[in-house]
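First the structure, in the form of structure tokens, and then the observations on it.
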Protein chains: 2
Amino acid sequence: MENEKRADATCEQELTAIRDSVEILGGKWKLRIMRHLNNHISETNTFKKIQREVDGISAKMLSKELQELETNLLVTRKVLDTRPVTVKYAITEYGLSVFPVTETLVEWGLNHRQKIK
Amino acid sequence: MENEKRADATCEQELTAIRDSVEILGGKWKLRIMRHLNNHISETNTFKKIQREVDGISAKMLSKELQELETNLLVTRKVLDTRPVTVKYAITEYGLSVFPVTETLVEWGLNHRQKIK
DNA sequence: ATTATCAGTTAACTAAAGGTTACCGGTTAC
DNA sequence: GTAACCGGTAACCTTTAGTTAACTGATAAT
């Protein structure tokens with residue numbers, strides 16, 4: 001009975017945590033952007049460069065998604081002193097913490113393809 | 001150069017895997033339902049019982065989500081010989097494989113709350 | 001002057017996810 | 001026969017996510 005109460009309480013917290021995670025990392029573009037930044041971590045990733053290389057994303061979506069990633073401390077935005085002005089985006093140390101998460105999603109997804117077909 | 005090609009290839013597969021996972025487990029209700037079935041795994045979880053206990057879900061959504069979980073082999077559906085007819089839903093052995101995934105989402109989400117506030 | 005580049009923004013739209021209400025067929029209790 | 005319970009379904013509506021296309025302001029090259 002006590003166990004059940006605690007289980008229900010943590011269950012709620014857990015559902016909230018899952019909702020948070022999906023809200024912050026979900027959608028069509030967020031993880032694509034994060035993975036791209038990570039794969040090109042040694043380069044200077046400007047807005048236009050990211051837009052060219054992340055397949056099919058529009059300026060509007062890229063702008064919006066980068067802003068959200070920034071407010072969640074997953075990427076940094078730095079205006080460079082170039083002409084014309086360029087802006088450099090980079091994954092943060094903390095941003096690297098999403099990759100263990102995506103790794104399990106990748107593994108489950110790959111395994112599920114096998115299972116279903 | 002060859003490394004880069006392989007990295008890009010697996011990157012695509014990985015993005016597909018992530019898309020699959022999010023498609024199958026994502027949305028407002030799927031993981032809530034899975035966790036509920038798992039938390040009440042020793043009980044007979046009928047449609048109405050689940051609807052009463054999964055907070056706020058409508059018959060339409062519950063029906064739709066359970067169908068999708070069933071086609072993905074994550075839950076089973078069994079019509080019981082009662083009057084009126086009841087239908088019992090249960091998580092499958094394979095369905096248990098989602099919990100390592102949700103676990104990382106939970107942990108990341110909980111940690112992120114700490115980080116942000 | 002015109003054109004081009006960069007980093008966006010704005011507005012108008014379409015598509016997808018989810019919610020609401022009413023209802024169906026079958027069965028049983030009153 | 002009528003009301004209630006179960007497991008849904010159908011039609012309609014709202015909200016959210018994502019797309020498209022045109023535009024801005026600053027700078028620089030032709």
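So you know, we letter chains A, B, ... as the sequences are listed, proteins then strands, and number each from 1.
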| Which is true for A/E23 with a 4.0 Å heavy-atom rule: it touches a base, it touches only sugar-phosphate, or it touches nothing? | nothing
| message | Classify A/T46 by what it touches in the nucleic acid, base, sugar-phosphate, or nothing, heavy-atom distance under 4.0 Å. | response | sugar-phosphate
| said: A side-chain contact here means heavy atoms from C-beta on lying under 4.5 Å apart; do A/R113 and A/L110 qualify? | reply: no
| field | B/K88 NZ to D/dG8 P, straight-line distance once rounded to whole Å | value | 15 Å
| field | ILVMFWY network linking B/L15 to B/L25, side-chain heavy atoms under 4.5 angstrom | value | no
| request: Decide yes or no for A/I50 and A/L37: does some side-chain heavy atom of the first lie under 4.5 Å from some side-chain heavy atom of the second? | output: yes
| query | Tell me: CD of B/Q51 to P of D/dC6, nearest whole Å? | reply | 10 Å
| field | Chi angles and distances behind the ring-ring contact (aromatic ring centres under 6.0 Å, His included) call for A/H112, B/Y94 | value | CA-CA 10 Å; A/H112 188 68; B/Y94 174 59; 5.7 Å; yes
| said: Ignoring hydrogens, what is the shortest heavy-atom contact between B/V85 and B/L80? Give both atom names and the distance. | reply: CG1-O, 3.9 Å
| Is a side-chain N or O of B/T92 found less than 3.5 angstrom from the main chain of B/L73, in a donor-acceptor match? | yes
| note | Rounded to 10°, the helix from C/dA1-D/dT30 to C/dC30-D/dG1 deviates from straight, judged by its five-pair end axes, by 30°
| What is the distance from OH of B/Y89 to P of D/dC6, rounded to the nearest Å? | 14 Å
| Gap between atoms CG and C1', on A/L66 and D/dG18 respectively (whole Å) | 16 Å
| Under 4.0 Å protein heavy-atom contact, by nucleotide of nucleotides 13-30 of chain C - B base, S sugar-phosphate only | -----BBB-----BSS--
| message | Would you compute the distance between atom CG of B/L66 and atom CG of B/L74 and round it to the nearest 0.5 angstrom? | response | 11.0 Å
| query | How long is the span from the OG1 atom in A/T46 to the CD atom in A/E53, to the nearest 0.5 Å? | reply | 8.5 Å
| task | Using whole Å, report how far CG of A/L80 lies from P of D/dT27. | result | 16 Å
| task | May I ask you to decide whether B/R32 forms a salt bridge with B/E65, counting only side-chain N to carboxylate O separations under 4.0 Å? | result | no
| Rounded to whole angstrom units, what separation is found between the NZ atom of A/K49 and the C1' atom of C/dC6? | 15 Å
| Distance, rounded to the nearest Å, where A/R52 contributes CZ and C/dG8 contributes P | 14 Å
| task | Specify the separation, in whole Å, of atom CG of A/L62 and atom C1' of C/dC6. | result | 13 Å
